[in-house]
Amino acid sequence: MNKGSLAFTTTVQRSIPRATAAFLSSTKEEATTTATSTNTATSTEQTKKKKIVRSERILSGVQPTGSLHLGNYLGAIRQWVDFQNKEPEKDEDGNPIPVETYFCVVDLHAITMPHEPAALRESSLSSAALYIAAGIDPAKSKVFIQSHVPAHSELAWLLNCITPMNWLERMIQFKEKAKKQGESVGVGLFTYPSLMAADIMLYQSTKVPVGEDQRQHLELTRDIVRRFNDMFCTGNQYKKRCKAAGIASRPVFVEPNPIIMKEGARVMSLTDGSSKMSKSDPNDNSRINVLDPPKVIRDKIKRCKTDPFEGIEWDNPERPEATNLLNIYSAVQPTPRSKEDILEEVKDMNWGQFKPLLAEAVVQHLEPIQKRYEEVRNNEEELNQILKDGANAANEVAGRTLYNTKIAMGFVTPQE
């Protein structure tokens with residue numbers, strides 16, 4: 001997860017609805033084998049179990065605070081498109097594993113810091129439109145707004161009630177942001193990691209691509225999963241509650257594991273190559289916003305921080321700006337290129353020569369996204385329908401997990 005602009009992805013094994021008998025027991029199919037001889041024919045029925053192939057589900061989201069920037073796009077959204085379009089992998093028996101993709105605008109996370117209501121609404125719709133403009137296909141993926149799925153906030157409250165305060169007090173991001181807000185810091189910023197854990201746990205995550213700044217929060221999620229399962233998902237009483245509710249008596253949650261993001265996905269600030277590009281940076285020149293006009297992009301790159309060294313090189317720890325600008329240049333190439341190929345092109349350039357080259361590459365890469373964004377954003381009725389359909393699908397998935405959570409904790413649930 002990338003919390004400067006919260007971006008996280010979770011890969012899960014799908015939970016089939018309780019009403020589906022295949023979720024609780026394997027289906028059986030009859031196979032008839034006929035043996036023929038000269039004078040007689042007999043038939044034998046054999047019953048064999050049909051293996052259930054459980055789907056994987058990918059969930060990810062970005063905070064709608066401010067305009068999405070190049071780091072959000074390259075580090076998260078473009079990789080979502082790859083997940084969406086990837087050919088399904090096969091299990092050990094050669095069966096294709098279906099993949100479902102869900103991408104949300106995490107507006108509940110956005111209000112942990114002071115915000116303007118009008119700006120939140122526009123940035124939420126703008127973020128969703130950018131998802132689609134960048135290649136997320138509503139015909140293949142579900143796009144929705146986090147607050148449209150009440151299970152996120154409800155599970156977060158349940159997790160707040162079982163999570164020790166000292167676990168949350170250890171979170172580095174809370175300490176850093178609390179210093180900036182002073183006495184006006186809200187409780188939501190303190191309990192933010194519980195909401196992030198709920199986001200992951202609702203979808204039974206097994207793998208989560210996270211940035212370095214979110215690794216601690218993922219470890220907290222793993223701790224919360226273990227604590228919940230130990231407290232509520234063991235013993236005969238738990239089995240009896242599950243049996244009465246008609247659900248399986250396995251632990252409600254699974255522990256998520258981190259996966260490594262693609263090389264070059266981490267985009268750094270244009271004013272400090274050692275700091276991540278961030279929407280919260282008060283200096284707009286520190287980032288390239290996806291919707292920046294071409295002239296603005298060229299001016300920002302022209303003014304961006306470089307170094308006094310001769311030549312341009314990759315991965316020199318003393319030259320973080322050089323590495324960052326080369327990473328950006330590599331990421332926006334029309335077709336993938338190796339580091340060696342790019343270095344051969346730019347090795348004898350100075351910054352005055354390389355910056356215009358980089359600026360044009362970025363402008364050309366973002367131009368079709370910006371054009372598509374205008375088409376999507378200007379048709380708000382269609383955009384709202386996409387978000388509604390996505391929320392309906394997400395509610396179905398998240399609602400099952402929340403129901404199982406309540407059964408485990410002993411709540412009285414509404415009777416059907």
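These numbers come from the heavy atoms of this one structure, side chains and all, not from hydrogens, waters or symmetry mates.
- If you take CG on L125 and CG on L130, they are separated by 11.5 Å, rounding to the nearest 0.5 Å.
- Salt bridge status for D82 with R78: absent, with no side-chain N to carboxylate O gap under 4.0 Å.
- The closest side-chain heavy-atom distance from V376 to L383 is below 4.5 Å.
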**OP:** Give the intermediate values and the outcome of side chain to side chain contact (heavy atoms under 4.5 Å, CB included) for residues D199 and H109.
**Re:** CA-CA 10 Å; D199 297 333; H109 291 283; 2.6 Å; yes
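- Within 6.0 Å of the CD atom in E116, the count of heavy atoms belonging to other residues, nucleotides or ligands does not exceed 12.
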Original post:
Between D389 and Q385, is a side-chain hydrogen bond (donor to acceptor under 3.5 Å, both in side chains) present by the stated rule, with each step listed?
Top reply: CA-CA 6 Å; D389 292 342; Q385 186 60 51; 2.9 Å; yes
**OP:** Applying side chain to side chain contact (heavy atoms under 4.5 Å, CB included), run through E255 and T221 and close with a yes or a no.
**Re:** CA-CA 8 Å; E255 289 185 37; T221 300; over 6 Å; no
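- Comment: R377 engages E380 in a salt bridge, judged by a side-chain N to carboxylate O separation of less than 4.0 angstrom.
- At least one donor-acceptor pair under 3.5 Å links the side chain of T323 to the backbone N or O of D315.
- Between the side chain of R319 and the backbone N or O of D307 there is no donor-acceptor pair closer than 3.5 Å.
- One N or O on the side chain of Q204 and one on the backbone of V252 form a donor-acceptor pair closer than 3.5 Å.
- Listed for the N378 side chain is a donor-acceptor partner under 3.5 Å among the backbone atoms of E374.
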Original post:
Between K142 and V397, is a side chain to side chain contact (heavy atoms under 4.5 Å, CB included) present by the stated rule, with each step listed?
Top reply: CA-CA 12 Å; K142 305 303 180 185; V397 173; over 6 Å; no
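- In this structure a side-chain-to-backbone donor-acceptor pair under 3.5 Å is missing from Y329 to K355.
- Annotation for R170: atom CZ counts as buried by contact number, over 12 foreign heavy atoms lying within 6.0 Å.
- Checking side-chain atoms of R227 against main-chain N and O of P164 turns up no donor-acceptor pair under 3.5 Å.
- Here the NZ-CZ distance, from K406 to R241, works out to 15.0 Å after rounding to the nearest 0.5 Å.
- A donor-acceptor pair under 3.5 Å links the side-chain atoms of N316 to the main chain of E318, judged by distance alone.
- A salt bridge links E396 with R400; the closest basic N to acidic carboxylate O contact falls under 4.0 Å.
- Note that the CE atom of M268 and the NZ atom of K305 stand 11.5 Å from one another [nearest 0.5 Å].
- Between W351 and F354, the two ring planes are perpendicular [angle over 60°; tilted spans 30° to 60°].
- K300 NZ: more than 12 foreign heavy atoms inside a 6.0 Å radius.
- The pair D223-R226 meets the salt-bridge criterion, with a side-chain N (NZ, NE, NH1 or NH2) lying under 4.0 Å from an Asp/Glu carboxylate O.
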**OP:** Check step by step if side chain to side chain contact (heavy atoms under 4.5 Å, CB included) holds for V290 and I77.
**Re:** CA-CA 11 Å; V290 177; I77 300 173; over 6 Å; no
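- Applying side-chain contact (heavy atoms from CB on, under 4.5 Å) to N160 and the options L155, V187, T191 leaves one that passes, T191.
- Among residue pairs with one or both ends in residues 124-137, those qualifying as side-chain hydrogen bond (donor to acceptor under 3.5 Å, both in side chains) are S126-Y373; sequence neighbours excluded.
- Relative orientation of the Y203 and Y102 rings is tilted, given thresholds of 30° and 60° on the angle between their planes.
- Between the CG atom in N324 and the CZ atom in R266 there is a gap of 10.0 Å [rounded to 0.5 Å].
- Between R337 and E344, no side-chain nitrogen of the basic residue sits less than 4.0 Å from a carboxylate oxygen of the acidic one, so the salt-bridge criterion is not met.
- Although no hydrogens or angles enter the test, the distance criterion places no donor-acceptor pair under 3.5 Å between the side chain of D292 and the main chain of I297.
- Salt-bridge annotation for E360 and R298: present, with a side-chain N of the basic residue lying under 4.0 Å from a carboxylate O of the acidic one.
- Judged purely by atom type and a 3.5 angstrom limit, N229 uses its side chain to pair as donor or acceptor with the backbone of F253.
- By the side chain to side chain contact (heavy atoms under 4.5 Å, CB included) test, A391 is found to be paired with F144, H148, N395, residues two or more places apart in sequence or in another chain being considered.
- For the atom pair L325 CG and W314 CH2, the distance stands at 11.0 Å (nearest 0.5 Å).
- A donor-acceptor pair under 3.5 Å is formed between the side chain of S123 and the backbone N or O of L120.
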